[in-house]
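To find a chain, count down the sequence lines: A is the first, B the second, and so on, and within it residues start at 1.
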Amino acid sequence: MDVGRHPKIRLLAYSEIEKIDGEMGNFHITVRKKARYVDEKKCTGCGTCAEKCPTVTSDAYNLGLGKAKAIYKYFAQGIPSAYTIDANVCRQLQGKKCGVCAKVCQAGAIDYKQQEQILEFDVGAIIVATGYDLFDATKIPEYGYGRLPNVVTALEFERFLSASGPTHGHVYRRSDLALMDALPEAEKNRQKAAKSLEQLEKKGGMSSSDFYAKYEAGELQGEEYDKWAEQVKVSRAATEKFEAMKAKVDKIEGAHRLAFIQCVGSRDIRFNKYCSGFCCMHAVKEAIIGLEHDKEAEVYIFGMDIRAVGKNFEEYRNRGAGSGIKFIRSRVAEIYEDKDHTPILVYEDTKERQVKQLPVDLVILATACQPSEGIVKMAATVGIETNDFGFIKTASYPPLSTSRPGVFVCGCAVSPMDIPESVAQASSAAARAAQVLSGSETERLAS
Amino acid sequence: MSGDTEKTAELNTKDARIGVFVCHCGSNIAGLLDCPGLAEYASGLPNVVFTKNNLYTCSEAGIAEIMNAIKEHGLTRVVVASCSPRTHMPLFKSACAEAGLNQYLFEMANIRDQCSWVHAQDRDLAMVKAEDLIRMAVAKARFLEPAEDIESSLVRRAVVIGGGVAGLSAAGALADMGMEVILVERQAELGGLLRRINRIGPGGEKASELVGTLVAEFKSKPRAKALLESEVSAVSGVVGNYEVTIRDKSGELQTETVGCIVVATGALPFTPEGLYGYNGKNVITQIELEEKLRDGTLDAKRVVMIQCVGARSPERTYCSRICCQTAIKNALYIKELNPEAYVHILYRDIQMYGTDNERTLWDSRGKGVHYDVYDVDRPPVVKDGVVEVYQPLLGEVEQIPFDLLVLSTPLVAPEDAQEVANLMRIPVDQNRFYLEAHAKLRPLDFATDGVFLCGTARYPATVGEAQAQGLGAASRAATVLFKDKLVASALISQVTERCDGCGACVELCPYHALSLEEYEQDGRKLKRNKVDKMLCKGCGVCAATCPKGGVVVCGFTRTQLQAQVDAALEAA
Amino acid sequence: MNRDVLVIGGGIAGMQASLDLGEMGFQVHLVERLPSIGGKMSQLDKTFPTNDCAL
């Protein structure tokens with residue numbers, strides 16, 4: 001909010017850096033502002049367009065766990081509050097006729113002809129704060145992510161916990177969620193089949209069960225009756241399916257047994273050898289909140305070391321242990337699935353020196369914090385180097401410098417770190433930039 | 001002040017001309033409430049001469065409507081029924097000001113966060129509540145009084161307390177940004193803990209070289225000055241104008257006026273008297289090991305290190321963040337000096353977080369450093385020259401003989417941390433580290449304006465982290481010092497004629513903004529309350545305490561609040 | 001000497017850097033790839049160790 005309103009901050013969202021020329025004190029920046037197909041100045045963020053949009057697609061903000069429309073706002077409180085059309089799925093922009101959003105927009109903000117813009121401006125200093133991306137857990141097949149429905153990532157679990165997320169804060173097994181999602185469809189099929197049957201009953205002048213008894217006894221023959229019989233079978237099948245599903249859905253409780261697995265893709269010689277810094281604390285937090293949402297929950301955290309190194313972090317971890325979280329020093333070997341999609345962990349409990357198996361309801365993988373997908377391209381565009389780990393290379397002194405004078409870096413673009421550190425580093429980078437803009441950096445480099 | 005005497009339109013309560021703007025907030029409010037109905041309801045309230053519905057009052061169109069209505073209808077009060085004041089109040093206030101209406105003649109009714117968002121289950125009752133809220137806001141609006149923001153000048157100078165790596169970093173950056181900086185250091189030399197250590201991880205640079213670089217850079221900046229063997233003995237004033245008194249080693253005092261203060265007073269390694277047979281000879285701390293390594297006096301061949309000594313325990317619950325890094329750094333250095341040396345680290349969790357650290361951990365294993373985990377319930381026992389430890393991974397007790405036992409202890413806040421805190425009225429936490437304004441979003445700020453924090457005074461940190469934090473604190477200070485003037489809200493306490501100087505409120509003020517001043521009246525010496533306008537935050541504790549109405553908070557006077565209460569109870 | 005600054009990335013670090021520099025009086029150009037700022041933190045429910053809301 002503060003950023004959106006600040007008189008000195010010009011926000012260029014949905015934009016990317018095209019080119020950076022020049023040098024410290026005088027960089028010439030070229031930015032490509034992508035087309036939203038919505039006029040940011042006119043859009044009031046009212047949301048009518050998304051309500052009426054007929055195209056449903058998956059919801060990136062909720063990591064595909066929810067649904068969004070072709071015209072969307074990334075998240076409800078997003079700044080800028082303007083909507084955006086995903087040209088890849090929008091019917092109108094794909095050449096098929098639609099135009100519903102333009103019709104319902106009271107502010108006249110939809111513009112299918114909007115072009116991307118190239119903007120150019122000059123700056124004295126640059127700060128790179130491009131963050132990180134998460135490890136793709138499908139790369140570890142023995143954990144079953146992507147194959148076993150009840151194995152999720154930490155960020156996905158975050159969306160489950162969130163009141164504004166796809167389950168409004170209820171923690172369910174994902175296999176159960178799939179059941180709940182499928183129920184309306186099964187209901188629809190049952191009703192459709194029942195309706196067809198009603199019509200046949202009217203025509204035939206008797207109930208379906210009476211008819212079917214006669215048909216089976218061979219009393220009624222002919223194509224019409226064959227069709228009716230077929231429909232009876234279909235209807236019965238649809239009803240059975242629906243009722244079986246409903247019985248299952250009615251029995252659904254939340255996911256009570258949660259297992260958090262740390263270092264998924266981190267401290268791993270096959271993928272990222274380094275430690276992702278914040279995931280231990282993140283798991284403790286998710287575990288504590290999970291326990292708040294469900295007092296009956298059984299929660300386990302499997303880790304090698306629990307890195308609670310920040311201010312108040314160890315106390316927080318102790319609080320978690322006090323609330324009932326069981327910490328197990330172990331690296332889980334494998335996860336497989338029982339009937340009903342119950343995930344079972346195979347691990348060595350190093351304290352008791354035994355190999356054990358543990359069935360749970362939901363497994364949450366703490367996936368590694370990795371350099372952003374586009375970091376190589378971005379670094380090349382900005383003219384800075386990356387280090388051995390793939391993050392932006394910095395010197396140890398002075399802090400936060402990159403390989404290009406006048407360009408500084410902060411936050412997870414440097415190395416995995418938590419929020420207080422990112423915020424502190426951001427201020428540090430601001431100081432470095434201010435030094436440039438005050439002329440003193442030039443002096444220092446010259447000496 | 002209560003009791004207006006001027007009869008300008010703005011001050012006129014009886015004939016106030018109130019405009020009410022009911023926001024739809026898209027469907028956030030209009031989705032539940034009948035906004036046109038609310039506007040109609042408002043138009044029937046006393047003194048309301050204009051109402052309007054807006055889709056988004058905070059949009060350009062909405063702001064324009066407010067400004068036009070003020071001009072066209074001669075409005076003398078504006079009420080916006082929409083979201084929380086925290087969202088857009090400053091925006092609406094500036095719209096009023098731009099249209100020529102004093103910005104303090106503006107009031108809000110929160111019919112979103114406190115109504116449509118939380119009462120979605122009961123539309124009818126929510127409507128009644130929205131009407132109540134609007135009626136109350138209108139009732140109060142009549143009694144609003146114009147006021148002016150309080151401006152003060154500021155001094156473009158800073159004091160940095162502490163000349164270690166964080167303080168030097170902060171001071172250097174501030175000087176670079178054009179500020180005059182005074183660095184106050186208690187010892188005879190700059191550099192702090194950095195002077196005692198050998199090398200800096202993970203790169204392995206010599207600490208003495210970094211000290212040299214930092215000090216040389218500091219001295220090269222004409223705007224930066226260091227006062228050595230000096231301490232801060234008193235601080236008074238407020239952001240923009242702090243009076244800092246500094247005492248040198250001979251006891252002489254000097255007072256400097258500065259705009260901001262940076263606290264970089266550092267921390268000290270804990271000496272574990274009575275733990276694990278600590279004797280300072282063959283059972284030493286990591287800092288003592290650093291000094292041996294730096295001075296080249298290490299001659300041990302079998303070194304055992306125990307982590308978490310005096311930390312992560314009931315007396316000191318925190319993890320000191322840097323001790324694992326320090327131990328492994330020193331272990332590697334010992335192996336460098338003597339590849340045949342036996343080094344064994346006993347730990348609870350090995351805290352090598354992040355990229356470089358984890359790599360260092362793997363390297364150390366490759367170079368032959370031994371590691372074993374121990375259980376907090378069965379810690380190592382030190383006998384003469386031998387460490388006995390139960391190893392959970394083996395289920396056995398191992399005996400490890402040593403020449404040198406190094407205990408990794410935490411950094412602890414200096415003994416006088418609380419005294420220094422009292423000087424500036426900043427808080428400390430349960431471990432006597434200074435407490436920042438917000439653990440996550442404001443890690444380098446204090447709740448007290450104009451005072452900032454960096455380095456191990458905040459919490460154990462590495463050299464690199466302390467340096468970065470020093471820069472960060474400089475940036476935070478610069479956001480104040482770069483301004484031409486400081487502006488504070490007018491909604492602060494005001495003393496009335498009814499104050500009799502009893503002083504009950506003075507002690508209770510959490511911002512220490514109140515004091516008693518003496519004055520003469522009819523030959524008698526009397527006392528009354530005095531409000532420091534820059535320190536006061538308008539919290540209202542004083543007004544709530546005073547039984548005589550001797551101090552009131554502008555914008556929350558008895559009359560205004562009474563009007564709201566009466567309005568609230570009206571419909572009931 | 002140009003007194004403008006470019007900040008690439010509108011997550012928590014980019015936003016904080018922009019605010020600091022904006023408060024100091026420099027003109028900041030904040031470029032964000034996604035349709036809105038907020039970054040990963042906006043996808044979090046609550047944050048440790050205080051458990052207050054991420055937004």
Engineer: What pairs with R157(B) under side chain to side chain contact (heavy atoms under 4.5 Å, CB included), at least two apart in sequence or on another chain?
Structural biologist: V155(B), E180(B), I182(B), E256(B), V258(B)
Engineer: Give me the contact list for residues 22-29 of chain C versus chain B, heavy atoms only, anything under 4.5 Å, ordered by residue number.
Structural biologist: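 Answer by number: E23(C), M24(C), F26(C).
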Engineer: Looking only at heavy atoms, what is the nearest atom pair of T479(B) and D20(C), with distance?
Structural biologist: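 In this case the closest contact between T479(B) and D20(C) is CG2-O, 3.3 Å.
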Engineer: Measure the CD-CG distance between Q16(C) and L444(B) for me, rounded to the nearest 0.5 Å.
Structural biologist: 8.5 Å
Engineer: For L21(C), is it the side chain, the backbone, both or neither that has a heavy atom under 4.5 Å from a heavy atom of chain B?
Structural biologist: neither
Engineer: Counting only heavy atoms from other residues, nucleotides and ligands, does the tally under 6.0 Å from CZ of R33(C) exceed 12?
Structural biologist: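 No, because the 6.0 Å sphere around CZ of R33(C) holds 12 heavy atoms or fewer from other groups.
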